2 protein chains.
Amino acid sequence: MTNKSAAQPRRRASRAGLPPRMAVAVDLVILTLREDTLCALAIERGIAPFRGRWALPGGFVRAGESLEAAALRELEEETGVDAARAGHIEQLATFGDPQRDPRERVVSVAYLAIVPDLPEPRAGGDARDARVLPVATLLSGKVPLAFDHARILDAGVERARAKLEYSSLATHFCAESFTIHALRRVYEAVWGAPLDGPNFHRKVLNTPGFVVETDQMSSGGSGRPARLYRRGGAIQLQPPLLRAEPRAP
Amino acid sequence: MTNKSAAQPRRRASRAGLPPRMAVAVDLVILTLREDTLCALAIERGIAPFRGRWALPGGFVRAGESLEAAALRELEEETGVDAARAGHIEQLATFGDPQRDPRERVVSVAYLAIVPDLPEPRAGGDARDARVLPVATLLSGKVPLAFDHARILDAGVERARAKLEYSSLATHFCAESFTIHALRRVYEAVWGAPLDGPNFHRKVLNTPGFVVETDQMSSGGSGRPARLYRRGGAIQLQPPLLRAEPRAP
DNA sequence: CTCACTTATTGTCAGTACGACAATAATAGG
DNA sequence: CCTATTATTGTCGTACTGACAATAAGTGAG
């Protein structure tokens, strides 16, 4: 050890000269609504490590491929959904604990994707099975997730919850056109709390650029038909749709 | 192209077997207030590439070192501020464009740090100079930043602006104890807009857990002495301190 | 010591937004 | 035609907001 400082008079030499190389992966939190329940795509791993455990879809970033491109490629590989059909995709956070992958150092950049009407996935590649499962099930601990994927999923769900307040993210859970009621069910599913129908209705319509009216109405259901709306141009909601805390009497 | 699928019967084989390794770095957006102006720490690079250009402080992640540990280590190396004295540090985003570093593929995880009373930095290591410069100057384009650091800095400033609304981040720009006026100057500097003093005062005191009263008063200035407060336990502000849009008459 | 000046803090007030909930509208099914 | 069901609009009291006036409590000049 005595030769260490002698060989490296500049204390940063080892860092600047020889940074360690690491594998870089992307993992995806793909959220969708199934029967008014917030669900995420999960993969049953067919190979070690964590063989047989559920995990988030993901894979390694290729040489010359941007992080976003890797995320979109994985999204399409695992779900068949291309970038156009994905409602929304954004970077979530990066997880780089030295021990998070038992094989070797892997730094994983997590992405959050929202897909309306996610098709039933098919297993393929390293996956033994692939399913859309309720987020509550995946986070309950009864089905332990591989790696640190429980933390990643939790971060994704929290991000979605927060962004519903001040962005138009909720519309990306819906199809091209939707009713205000459907939009409210998105909020209720993601937040896990009921909202007052009439007040929600008014707030959405009073938020400029959130939704735009179409001349079509919903059909088929029981009760009065509802007007259909499309996503408006707004990205940020002004004013935000804050989570209501019940008023004290 | 015809031999591509023939050579790889399993389309994932190359990915699962041989992920490319990349250098992983952390870059820091270190924000502080100097004379009511939002400033960031910048380094004048002493080595190629971008020699002579200003850049954000940062460095490579070491083997066996977590991302957060690398960020804290760089923070201390560049400013002498240890984790305890840093008001706040959080992961910002990860930048991984294949071309962002001309030498080789480098994936950089950016961190946002808030430091009250940032000491005047000293140049060292690869840096020819180190200074605390106004964010407006750094983002004006007059002093082009190295790599994609302008984007990173912009992301950091935007994060800080957003978080002032719904978190107690602003208190981390202040020293241990501070006046409401000082807190307001933080908001005004970061948002770049003046706020109404009396209304701000009331809002801060009506937000539970934002600040806690001390029994001390400010001294020395002209005018009535102000009560000193400390950071409260709240992390999220409920209700949030929304950026006021001027009321239409 | 008194007064002008400066800054901190509290008050006032009208307009607005919100949550709770009532009322009305529009369809389907019997 | 009647009822059940859902959509949409109204009502109302409270709370909050922004604009700004008023008061409190120091400093420094003379």
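Values below: all heavy atoms of this structure, side chains included; hydrogens, waters and symmetry mates excluded. In what follows, chains carry the letters A, B, and so on, assigned in the order in which the sequence lines appear, proteins first and then strands, with residues in each chain numbered from 1. What you see is a predicted model; the values in this text were computed from it and never measured.
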Taken to the nearest whole Å, CE/A:Met217 to P/D:dT5 is 20 Å

A:Asn199 CG: over 12 foreign heavy atoms closer than 6.0 Å
yes

Per atom distances to the B:Arg224 side chain, the nearest of C:dT7, C:dA20, D:dG26 is C:dT7

Base, sugar-phosphate, or nothing: which does B:Pro225 touch, judged by heavy atoms less than 4.0 Å apart? sugar-phosphate

Regarding the side chain of B:His201, the nearest nucleotide among C:dT10, D:dA25, D:dT6 is C:dT10

(message) Tell me if a side-chain donor or acceptor on B:Arg227 pairs with a main-chain N or O of B:Thr214 at a distance below 3.5 Å.
(response) yes

To the nearest angstrom, the CG-P distance between B:Leu205 and C:dA8 comes to 13 Å

From CG of B:Leu183 across to C1' of C:dT9 the rounded distance in Å is 16 Å

From NE2 of A:His181 across to C1' of D:dA7 the rounded distance in Å is 10 Å

Rounded to whole Å, CZ of A:Arg184 lies from P of D:dT6 at a distance of 11 Å

From CZ of A:Arg185 across to P of D:dT6 the rounded distance in Å is 10 Å

Taking C:dG11, C:dG19, D:dT17 as options, the one with an atom nearest any side-chain atom of B:Pro198 is C:dG11

Of B:Pro240 and B:Asp196, the one whose nearest nucleotide on DNA chain D sits closer to the 5' end is B:Pro240

Rounding to 0.5 Å, atoms CG (A:Leu31) and CZ (A:Phe173) come to a distance of 5.0 Å

Rounded to whole Å, CG of A:Leu195 lies from P of C:dC21 at a distance of 15 Å

Touch check for B:Gly221, heavy atoms < 4.0 angstrom, all strands: base, sugar-phosphate only, or nothing? sugar-phosphate

Check your understanding: When the ring planes of A:Phe147 and A:His149 are compared, do they come out parallel, tilted or perpendicular, using 30° and 60° as the limits?
Key -> tilted

Comparing A:Ser222 with A:Asn206, nearest DNA chain C nucleotide closer to 5' gives the residue A:Asn206

Exercise for review: Output yes when A:Arg151 and A:Glu158 qualify as a salt bridge under the 4.0 Å nitrogen-oxygen rule, no when they do not.
Suggested key: no

Residue pair B:Tyr229/A:Arg202 against DNA chain C: nearer the 5' end by closest nucleotide is B:Tyr229

To the nearest angstrom, the CD-P distance between B:Gln238 and D:dA15 comes to 16 Å

